[in-house]
Participant: 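Attaching a single structure in structure tokens format; questions to follow.
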Amino acid sequence: MSRVRQPPLVTGISPNEGTSWTKVTIRGENLGTGPADLVGLSICGHNCLLTAEWMSASKIVCRVGPAKDDKGEIIVTTKSGGHGTSTVSFKLLKAEKIGILDQSAVWVDEMNYYDMRTDRYKGISPLSLRPSNPLGIDFDKGKVPLKDLEALFPGVSGEFTSENFSATWYLIENHSVTSFDQLRMAASNLKKQATKKNEGSLAYVKGGLSTFFEAQDALAAIHQRLESDGTERVEGSMTQRLENVLNRASDTADTLFQEVLGRKDKADSTRNALNVLQRFKFLFNLPLNIERNIQKGDYDVVINDYEKAKSLFSNTEVSVFKKVYAEVETRIGALRSLLLDKLLETPSTLHDQKRYIRYLSDLHASGDPAWQCISAQHKWILGLMQNCKEEFINYQRERGMRAAAVDPVGLGAIALDLEGDPRPSAFSRIRDTAPLSKGGILHTPRHSTWHYETPQQVQFVEKLSDVVIGQLPNFWKLWISYVNGSLFSETGEKSGQVEKSKKNARQRQNDFKKMIEEVTHRLVKLVRGALLPSTLTELELRLYGGWENKTELTGPWLTQVIHTVRVIFEALVALEIPNDLLQVIQDLLLELRHHCLLVTLHHTADDVKRVAEKEDWVVDNEGITSLPAQFEQCMVQMLQSLKEPMETKPGEVNILQLDQDQASELCVDIIKVREQVEKLWKDINKVFINCLEQLSTKTDRDIDTSHMSVDLASPNLFSGIQEDFCPTLEQRLLIILSNCQYLEKHTFLNLAEHFEKHGFTGTEKITRVTVHAVKELDESLFDAYIERKSDPIVGSLEPGIYAGHFDWRDCSTPTGVRNYLKEALVNIITVHAEVFTVSKDLVPRVLTRIIEGVAEEMSRLMQCVSSFSKNGAIQARLEIDSLRDAVASYLSSESHASFKQALEVLPQLHNGADKKLLEELLNKFKSSMQLQLTCFQPSNVQPVKR
């Protein structure tokens with residue numbers, strides 16, 4: 001099945017106006033597959049098919065017939081595409097009927113002029129060359145496909161005007177079903193046409209035969225007279241007279257036609273001038289057209305017109321053309337300057353830069369516009385970065401001056417520093433305020449600008465990031481286009497400018513590499529000047545520093561800066577910029593991460609100091625306060641804040657896990673960094689232990705609050721401390737002891753897991769040291785508590801034993817346990833209650849230690865007695881056994897040994913009555929003190945939360 005072709009479309013005709021029989025060239029699309037496919041052609045409504053000459057599917061040549069319409073379309077009809085359309089029109093000019101002596105401004109084609117004598121056009125009509133029906137009979141076409149005819153008759157055509165005309169093809173195509181009689185009639189018609197043509201020529205000769213004879217006779221007579229007169233030139237001879245006649249005829253003719261010929265010459269000159277103007281009007285109008293198109297911004301049109309004019313008139317010798325072309329060159333030179341100014345103008349888009357470079361290339365501008373643009377963009381980017389820093393520093397100075405003018409006495413010192421730590425202001429900075437007490441409210445005058453905003457250095461780095469990410473990619477892409485030659489048009493490729501550009505790019509690779517290095521180094525130095533001024537020299541500080549760093553940035557702000565610098569690095573890596581050009585940014589990131597780590601550790605140490613302020617002394621069911629949880633939370637928050645800075649992105653290094661060989665290649669001394677980190681971690685733990693020690697041994701007024709902070713926005717300065725509860729020194733000791741045990745058993749183990757989870761290795765040593773320090777503090781605080789509780793009990797034993805001048809050698813029969821021992825037990829019970837209220841787990845440890853002291857004292861006192869009477873021995877044994885049995889649950893090996901030594905000193909009871917008395921008195925004591933001694937028995941009673 002054959003493919004359906006598109007209808008013919010006429011898109012151009014040249015010329016687009018003229019008189020009848022003007023030869024025109026028609027151009028378009030789908031104008032037929034061959035001469036046989038063209039079945040119709042009309043111009044201004046007149047059928048021009050007979051004069052049409054099919055050239056190709058996009059070109060047809062024909063002559064315009066005498067159409068009735070002055071202007072109309074050009075319609076082509078083909079067998080394959082059908083009836084077509086036209087996007088152009090042809091204007092038909094009417095020729096006037098003029099005589100040979102009439103003036104006319106119209107050039108008449110002498111090949112087709114009007115003869116007034118016969119009142120018709122003379123010349124050969126093109127229609128006579130191509131009869132529509134040479135056989136003179138009706139067409140009777142069959143259904144023979146055109147493809148079959150082409151296959152049967154290769155190389156020939158059925159078109160009778162074609163040089164390869166085949167009569168067989170013609171007959172099969174147009175008369176395949178015509179009858180034999182009709183074909184005989186067609187043959188007869190052909191013979192008549194041939195005879196008529198021959199007779200026409202012969203009749204023409206016959207009609208002029210008499211004229212030919214007369215001319216022949218005149219020439220023969222002249223020849224005879226010339227022979228009779230001879231060839232001499234004699235006055236009055238026939239030759240002379242003939243010459244005179246001819247001269248007079250010539251003069252008469254000159255006189256008759258001089259005016260006409262003069263007008264003809266003038267008309268020829270005018271016509272030639274008009275032809276020149278018409279032919280070269282493009283050149284004469286070009287300067288004005290260039291100016292108009294430049295104003296409209298149609299630079300492509302200007303360039304195309306200039307290239308056309310240059311190809312036609314650049315080497316002309318005609319003075320007028322030279323003059324006009326010189327003016328064109330002047331306008332083009334001004335356009336080159338204008339385009340170069342626009343190219344070097346900043347800011348501009350990459351699209352505009354490429355467009356102006358292509359324009360300058362097509363206009364053959366001198367120099368290398370692409371490299372000039374790259375250099376200008378490089379300087380502009382550097383200027384933007386430097387101006388960004390100057391704007392922020394000037395703003396910082398102006399704001400400082402305004403603040404000084406509004407707050408001359410420094411009241412703003414109590415407010416948050418707008419550029420620094422978003423934490424509350426230090427307690428030590430509070431001046432000229434009312435005295436503070438627990439539960440009191442701090443009333444301070446707020447500055448009019450008291451608010452919170454991003455620090456200027458952080459804003460500067462973000463703005464610097466916008467500049468680099470916004471401009472450097474286009475700068476890099478412009479260079480890549482310069483290298484691969486994609487900046488130029490097809491004209492530039494044909495003229496060799498692409499190869500020239502590639503050659504220039506190869507020669508300037510080092511220069512561009514220095515440009516990129518300068519941009520990256522400028523970026524790094526500006527960031528260092530704002531955040532790491534100590535890493536710059538004095539000269540670099542004058543150029544890239546100048547910041548008023550009143551307060552060092554905290555870890556969260558430094559994390560944000562690290563994130564911003566990483567975004568810059570990733571954007572540049574995405575452009576496939578070589579890694580060696582970006583190494584300086586990697587070094588900056590490494591130092592920023594190192595700095596953020598140290599700053600975060602410093603601030604964490606400060607946060608740990610503030611833990612003492614938040615201690616509310618409220619214990620939970622496990623006997624601990626919120627202090628361990630606050631410390632753990634503080635450390636976890638530190639690790640979480642360090643998660644992003646310490647995270648190792650592609651191309652970065654883990655500064656905490658490098659070996660010595662890898663560390664030696666970096667810009668930061670990793671060994672020193674690790675030592676600093678280890679020291680800071682130890683300091684944090686040491687600070688916390690010092691806080692525990694201060695809280696356990698000092699009252700609220702004695703605690704060092706110089707490190708504590710005050711939340712000015714809080715309505716209650718010490719909202720975390722309960723106003724109605726102030727623990728005693730002994731209670732403080734117990735609470736801190738309970739906290740120490742929890743820290744040792746839980747908190748530090750949890751922190752070790754958190755450190756490992758966040759990638760901080762090598763902290764086992766620090767954990768061991770910290771746990772050892774907590775144990776030492778625990779022992780110290782425990783000894784202090786035991787000293788405060790055990791000494792009074794132990795010291796009361798000897799006075800109580802010998803109260804009332806009691807004598808072991810002379811005493812009455814024992815009736816029960818004396819009061820001194822009961823008082824000692826009550827004191828021990830009091831300690832038990834105090835400890836149990838804080839932490840059930842501390843009770844065995846405390847009571848065991850106190851009972852060891854009591855047992856040792858009892859052993860000493862018994863050993864100091866020189867002798868015992870029988871009653872004294874019973875009394876002593878009763879009291880020792882009562883004490884030992886009462887606290888049996890808390891006896892240790894030392895206390896067992898002490899009680900054993902005390903009993904060994906006493907005389908043995910051999911009498912049964914004495915033993916019975918001892919047993920009765922012992923049972924009586926236990927019965928009377930049963931309720932009091934219940935606390936010494938194992939119990940599952942949970943301590944009540946305060």
Side-chain angles (χ1 to χ4, degrees), residues 786 789-833 846-939:
I786 294 300
K789 292 298 181 179
S790 179
D791 288 355
I793 296 174
V794 172
S796 66
L797 291 178
E798 186 173 1
I801 289 176
Y802 296 104
H805 304 284
F806 179 82
D807 188 357
W808 295 106
R809 293 172 297 181
D810 184 15
C811 60
S812 60
T813 303
T815 60
V817 176
R818 290 184 292 171
N819 289 334
Y820 83 92
L821 188 60
K822 295 180 180 180
E823 291 178 359
L825 287 173
V826 169
N827 289 334
I828 295 174
I829 292 172
T830 303
V831 174
H832 178 281
V846 173
L847 292 186
T848 300
R849 186 73 172 273
I850 291 176
I851 291 170
E852 286 178 357
V854 172
E856 183 180 0
E857 181 65 13
M858 290 296 291
S859 175
R860 183 186 70 81
L861 292 174
M862 293 300 104
Q863 292 177 4
C864 292
V865 177
S866 59
S867 63
F868 292 89
S869 64
K870 184 183 72 169
N871 291 334
I874 296 173
Q875 184 71 40
R877 191 174 292 276
L878 172 63
E879 292 175 350
I880 292 173
D881 288 344
S882 297
L883 177 61
R884 184 187 62 184
D885 293 345
V887 296
S889 299
Y890 302 102
L891 293 178
S892 64
S893 58
E894 289 82 359
S895 57
H896 269 295
S898 296
F899 281 122
K900 183 178 180 180
Q901 291 177 0
L903 291 174
E904 289 176 352
V905 174
L906 300 178
Q908 298 295 324
L909 298 179
H910 300 287
N911 190 344
D914 295 337
K915 293 180 180 180
K916 183 177 180 180
L917 176 63
L918 177 63
E919 184 176 356
E920 290 177 352
L921 293 176
L922 184 60
N923 291 333
K924 178 183 177 181
F925 168 75
K926 292 180 179 179
S927 177
S928 62
M929 295 287 292
Q930 181 180 2
L931 181 62
Q932 290 84 347
L933 298 180
T934 303
C935 65
F936 296 129
Q937 302 302 321
S939 176

Participant: Please list every donor-acceptor pair under 3.5 Å in which a side-chain atom of residues 823-833 meets a protein atom from a residue at least two apart or in another chain.
Facilitator:
{"unit_1": "Asn827", "atom_1": "ND2", "unit_2": "Glu823", "atom_2": "O", "d": "3.2"}
{"unit_1": "Thr830", "atom_1": "OG1", "unit_2": "Val826", "atom_2": "O", "d": "2.8"}
{"unit_1": "His832", "atom_1": "NE2", "unit_2": "Cys935", "atom_2": "O", "d": "3.2"}

Participant: Rounded to the nearest 0.5 Å, how far does OG1 of Thr934 lie from CE of Met929?
Facilitator: 10.0 Å
Participant: Taking C-beta and beyond as the side chain, do Val846 and Ile786 meet within less than 4.5 Å on heavy atoms?
Facilitator: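 Side-chain contact under 4.5 Å: yes.
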Participant: Output every pair passing salt bridge (Lys or Arg N to Asp or Glu O under 4.0 Å) with a member in residues 796-806, not counting sequence neighbours, ordered by first then second residue.
Facilitator: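 Listed by first then second residue: Glu798-Arg860.
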Participant: Assess the residue pair Val905 and Val865 against the criterion (side-chain contact (heavy atoms from CB on, under 4.5 Å)); give the C-alpha distance rounded to whole Å, side-chain angles, the decisive distance to 0.1 Å, and a yes or no.
Facilitator: CA-CA 9 Å; Val905 174; Val865 177; 5.9 Å; no
Participant: Let me confirm one number: the OG-CD distance from Ser898 to Glu856, rounded to the nearest 0.5 Å.
Facilitator: 5.5 Å
Participant: Which atom pair, heavy atoms only, marks the closest approach of Asp807 to Cys811?
Facilitator: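 That would be O-CB, 3.4 Å.
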Participant: Which atom pairs, one a donor and one an acceptor, fall under 3.5 Å between side chains of residues 874-888 and the rest of the protein, sequence neighbours left out?
Facilitator:
{"unit_1": "Gln875", "atom_1": "NE2", "unit_2": "Gly816", "atom_2": "O", "d": "3.1"}
{"unit_1": "Gln875", "atom_1": "NE2", "unit_2": "Glu879", "atom_2": "OE2", "d": "2.9"}
{"unit_1": "Arg877", "atom_1": "NH2", "unit_2": "Pro907", "atom_2": "O", "d": "3.1"}
{"unit_1": "Glu879", "atom_1": "OE1", "unit_2": "Arg818", "atom_2": "NH2", "d": "3.3"}
{"unit_1": "Glu879", "atom_1": "OE1", "unit_2": "Tyr820", "atom_2": "OH", "d": "2.5"}
{"unit_1": "Glu879", "atom_1": "OE2", "unit_2": "Arg818", "atom_2": "NE", "d": "2.6"}
{"unit_1": "Glu879", "atom_1": "OE2", "unit_2": "Arg818", "atom_2": "NH2", "d": "3.4"}
{"unit_1": "Asp881", "atom_1": "OD1", "unit_2": "Arg884", "atom_2": "NH2", "d": "3.3"}
{"unit_1": "Ser882", "atom_1": "OG", "unit_2": "Leu878", "atom_2": "O", "d": "2.7"}
{"unit_1": "Asp885", "atom_1": "OD2", "unit_2": "Lys926", "atom_2": "NZ", "d": "3.4"}

Participant: Any heavy-atom pair between the side chains of Glu852 and Ser790 that's under 4.5 Å?
Facilitator: no
Participant: Between Lys915 and Leu909, what is the shortest heavy-atom contact and its length?
Facilitator: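 Answer, listing the atom of Lys915 first, then Leu909: CE-O, 2.7 Å.
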Participant: For Glu894, look at atom CD and say whether over 12 heavy atoms of other residues, nucleotides or ligands are found less than 6.0 Å away.
Facilitator: yes
Participant: Does the side chain of Lys924 reach to within under 4.5 Å of the side chain of Glu920, using non-hydrogen atoms?
Facilitator: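 No, every pair of side-chain atoms sits at 4.5 Å or beyond.
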Participant: Is a donor from one side chain sitting under 3.5 angstrom from an acceptor on the other, for Ser859 and Gln863?
Facilitator: yes
Participant: In Å, rounded to the nearest 0.5 Å, how long is the span from CG of Asp810 to NE2 of His805?
Facilitator: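 Spacing of CG (Asp810) from NE2 (His805) equals 13.5 Å.
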Participant: Using modelled atom types and a 3.5 Å cut-off, is there a donor and acceptor pairing between side-chain atoms of Ser927 and backbone atoms of Asn923?
Facilitator: no
Participant: Could you tell me which non-hydrogen atom of Trp808 sits nearest to which non-hydrogen atom of Ile801, and how far apart they are?
Facilitator: CZ2-CG2, 3.5 Å
Participant: Do you know which two heavy atoms are closest between Thr848 and Ser892, and how far apart they sit?
Facilitator: CG2-CB, 3.7 Å
Participant: Between Leu861 and Tyr802, which heavy-atom pair has the shortest distance, and what is it?
Facilitator: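 Leu861 and Tyr802 have their closest heavy atoms at O-OH, 4.4 Å.
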